[in-house]
Amino acid sequence: MIKTERLQADIEALRAISDPCNGGVTRIGFTERYRQGVEYVKQRMQECGLTTYEDEIGNLYGVMEGQDSSAAKIISGSHLDTVRNAGAFDGIAGVVCALEAARVIKERGIKLKHTYEVLGFIEEEGTNFGQVLLGSRFISGDLTDADKDRFISKDKQPLREVLSNYMQGIETVPACRKNDNILAFLEVHDEQGPVLQETNTDIGIVQSIVALSQLSISITGFAGHAGTVPMNLRQDAGLAGCSLVSRMTSYVLRKYTNEATFTVGKFSLLPNSSNCIPNNCSFTIDLRSGTQAIVDNVLDYLQDMKKLVEQEYNVTIDVNIDSYKDEVVMDQGLQQLIAESCDKLGLSYLNINSGAGHDAMIMANLCKTAMIFIPCDRGITHHPLEKVEWEDMRKGTELLLETILRLDSQF
């Protein structure tokens, strides 16, 4: 049976493997502290009979060979790195749950037809090189050997040099798995949002990882004295920016309350003086939705509001799309299999979209992929107060195990 004490022991052990920080966990990819975390997980894998290896980029595998060497592989896991001063569950919970599923398979004496692999991705958060999902992108072939020279760390070192030091004395295999025979990838992850807790739901079955557009907005007006220029004669870039943000936020709230998020994370004015009319306003927009058409509709509305605000405030507005990513839909067959497993185990579930990116969105380019969300206290994440109840960890692991067994018997 699933043992919560083992789940807790692994989480707490990894929580303690951290660079000094303000009460949280800091374990950045390719660092000495990250190596300590990998070695801990590797030892736990070996203790339950898994064969361990690392690929050339630092992804960690624990392998349970199946009875049919020709059968496609089943893979489960998540990432082992953190942002600075993070919580103990983001990513790490998925690796710990996948490892516990392997332990129980061994303890029950179950002989899987398919090879089962526990996978710990490196540098999902992108903290060291500014490249999110780095480990999984090398696995998918999206990144290649040439990128080892192109990516430069925060310490001004190329990835190739960092890898040479980090992997010293360790035999590795190629990272790219485009030609591998993979049946499915399953990722357990804390929701990083409040929906499951608020609805008192055990499990979230992820339908898609949202479409994302990030934009930079620059508004140019004309500076002037705060006390001498009449309000109706101003070209106030600050007021124009506030108006545009207000119109866009109201539109998303009114039309897509539970289907999209619209966030202005940075907002600045120039010349940034209390007695001067701003001649420049710049801000960022982070727009996300599980439906591609919604993102496109909001971007169209932004163009319409841009024209109106320009006319109303006599300013010029430049809209720059910094990044644009399509939604990644999880495999519907796997979603159904997870739902059936929930029904068997008596777990309540909710179909849900992921507003954050995950390694699963990259693995979906290689094989059938699904995500299982477990509740996260108040949706707090990337923060020392991030918390997942041990019972919810147990339920997520039990569901993962049941799904693996169903996959193994049906394919």
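What you see below is based on every heavy atom in this structure, not just the backbone, and it leaves out hydrogens, waters and symmetry mates. Nothing fancy with the numbering, it's 1 onward along the sequence.
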| Is a salt bridge present between Arg6 and Glu107, judged by a nitrogen-to-oxygen distance below 4.0 Å? | yes
ask   = Under 4.0 Å between a Lys/Arg side-chain N and an Asp/Glu carboxylate O for Asp190 and Lys387?
value = no
Thr249 side-chain N/O to Val245 backbone N/O, donor-acceptor pair under 3.5 Å:
yes
>> I'd like to check Leu186 versus Leu407 (side-chain heavy atoms, cut-off strictly below 4.5 Å). Are they in contact?
In response: yes
Nearest heavy-atom contact between Ser76 and Tyr116 is CB-OH, 3.7 Å
Separation between CG (Leu244) and CG (Leu308), nearest 0.5 Å, reads 10.0 Å
From the list Gln43, Gln36, Arg35, side chain to side chain donor-acceptor pair (under 3.5 Å) with Glu39 holds only for Arg35
So CZ of Arg103 and CE of Met64: to nearest 0.5 Å the spacing works out to 11.0 Å
Is there a donor in the side chain of Ser164 and an acceptor in the side chain of Arg160, or the other way round, less than 3.5 Å apart?
no
Value for CD1 (Ile182) from CD (Glu117), rounded to nearest 0.5 Å, stands at 7.0 Å
Is atom CD of Gln168 surrounded by more than 12 heavy atoms (other residues, nucleotides or ligands) closer than 6.0 Å?
no
Contacts of Tyr251 meeting ring pair (Phe, Tyr, Trp, His ring centres under 6.0 Å) (sequence neighbours excluded), chain-then-number -> Tyr301
Would Glu187 and Ser78 count as having a side-chain donor-acceptor pair, cut-off 3.5 Å?
yes
Residues pairing under side-chain hydrogen bond (donor to acceptor under 3.5 Å, both in side chains) where one sits in residues 124-134, two or more places apart or in two chains, turn out to be His79-Glu124, Glu125-His382, Gln131-Arg137
Taking Tyr313 for its side chain and Gly241 for its backbone only, find out whether a donor-acceptor pair lies under 3.5 Å.
no
- Message: Could you tell me if the side chain of Leu399 sits less than 4.5 Å from the side chain of Ile338, heavy atoms only?
- Response: yes
Should we count CD of Glu47 as having more than 12 external heavy atoms under 6.0 Å? yes
Item to check | Check: Asp236 side chain, Ile277 main-chain N or O, donor-acceptor pair, under 3.5 Å | outcome: no
Applying side-chain hydrogen bond (donor to acceptor under 3.5 Å, both in side chains) to Gln46 and not counting sequence neighbours gives Thr52
Is it the case that the side chain of Thr82 and the backbone of Arg27 share a donor-acceptor pair, with hydrogens and angles ignored and the cut-off at 3.5 Å?
yes
In plain terms, say whether Glu12 and Arg15 are close enough for a salt bridge, that is, a side-chain N and a carboxylate O under 4.0 Å apart. yes
Residues at least two apart in sequence or cross-chain that pass side-chain contact (heavy atoms from CB on, under 4.5 Å) with Pro384, listed by chain then number, are Asn85
ring-ring contact (aromatic ring centres under 6.0 Å, His included) pairs touching residues 133-180, sequence neighbours excluded, are Phe30-Tyr166
- Query: Quick check: does any side chain N or O of Ser243 sit under 3.5 Å from a backbone N or O of Leu239, one acting as donor and the other as acceptor?
  - Reply: no
Do Ser70 side-chain atoms and Asp68 backbone N/O form a donor-acceptor pair below 3.5 Å? no
>> With heavy-atom distances below 4.5 Å as the criterion, would you say the side chains of Asp10 and Glu100 are in contact?
In response: no
Between Ser289 and Thr291 (side chain of the first, backbone of the second, donor and acceptor by atom type, cut-off under 3.5 Å), is there such a pair? yes
#### Entry: Lys325 atom NZ: more than 12 heavy-atom contacts under 6.0 Å
no
Separation between CD1 (Ile75) and CZ (Arg177), nearest 0.5 Å, reads 4.0 Å
Looking only at heavy atoms, the pair that brings Gly135 and Phe121 closest together is C-CD2, 4.4 Å
Next on the checklist: When you compare the side chain of Val252 with that of Val298, does any pair of heavy atoms fall below 4.5 Å?
Outcome noted: yes
Using modelled atom types only, decide if a donor and an acceptor are shared between the side chain of Arg394 and the backbone of Ile2 within a distance under 3.5 Å. no
Heavy-atom nearest pair, Ser18 first then Gly24, reads OG-O, 3.9 Å
Here the gap from Met363 atom CE to Leu366 atom CG, rounded to the nearest 0.5 Å, amounts to 5.0 Å
So ring-ring contact (aromatic ring centres under 6.0 Å, His included) across residues 383-410, not counting sequence neighbours, yields Phe89-Trp390
In this structure, CG of Asp142 is separated from CG of Leu134 (nearest 0.5 Å) by 10.0 Å
side-chain hydrogen bond (donor to acceptor under 3.5 Å, both in side chains) filter on Arg378, not counting sequence neighbours, yields none
Closest non-hydrogen contact found for Asp81 with Tyr34 is N-CE1, 3.5 Å
Do Arg33 and Thr26 have side chains that approach each other closer than 4.5 Å (heavy atoms only, starting at C-beta)? no
| request: Could you tell me whether a side-chain N or O of Glu191 sits under 3.5 Å from a main-chain N or O of Cys376, the two making a donor and an acceptor? | output: no
Residue set satisfying side-chain contact (heavy atoms from CB on, under 4.5 Å) with Glu171, at least two apart, ordered chain then number -> none
More than 12 heavy atoms of other groups within 6.0 Å of Asn179 CG: no
Taking side chain as C-beta onward, heavy atoms only, is Val118 less than 4.5 Å from Leu50? yes
* Would a 4.5 Å heavy-atom cut-off, applied to side chains only, mark Val96 and Met393 as touching? -> yes
Cut-off 3.5 Å, no hydrogens considered: what does the side-chain donor-acceptor table look like for residues 212-220, sequence neighbours left out?
| residue | atom | partner | partner atom | Å |
| --- | --- | --- | --- | --- |
| Gln214 | OE1 | Ser323 | OG | 3.2 |
| Gln214 | NE2 | Asp286 | OD2 | 3.1 |
| Ser216 | OG | Asp322 | OD2 | 2.4 |
| Ser218 | OG | Asn280 | ND2 | 3.4 |

For residues 193-218, the salt bridge (Lys or Arg N to Asp or Glu O under 4.0 Å) pairs (sequence neighbours left out) are Asp202-Lys395
Nearest heavy-atom approach of Leu183 to Ile74 is CD2-CG1, 4.0 Å
Check the side chains of Glu386 and Thr381 for a donor-acceptor pair under 3.5 angstrom, ignoring hydrogens and angles.
yes
Heavy-atom closest pair (Leu112 atom, Ile404 atom, distance to 0.1 Å) is CD1-CG2, 4.5 Å
Residue set satisfying side-chain contact (heavy atoms from CB on, under 4.5 Å) with Ala13, at least two apart, ordered chain then number -> Tyr40
- Message: Just so I know, are the side chains of Arg288 and Val295 near enough to count as touching, which here means a heavy-atom distance under 4.5 Å?
- Response: no
Check whether Glu54 reaches the backbone of Ile170 with its side chain - one donor and one acceptor, N or O, closer than 3.5 Å.
no
Practice prompt. State whether the number of non-hydrogen atoms from other residues, nucleotides or ligands found under 6.0 Å of Asn258 atom CG is greater than 12.
Written response: no
Side-chain donor-acceptor pairs of residues 203-210 under 3.5 Å, sequence neighbours excluded:
| residue | atom | partner | partner atom | Å |
| --- | --- | --- | --- | --- |
| Ser208 | OG | Gly290 | O | 3.4 |
| Ser208 | OG | Asn353 | OD1 | 2.9 |

Exercise for the section: Assess whether atom CG of Asp300 is packed by more than 12 heavy atoms of other residues, nucleotides or ligands within 6.0 Å. Expected result: yes
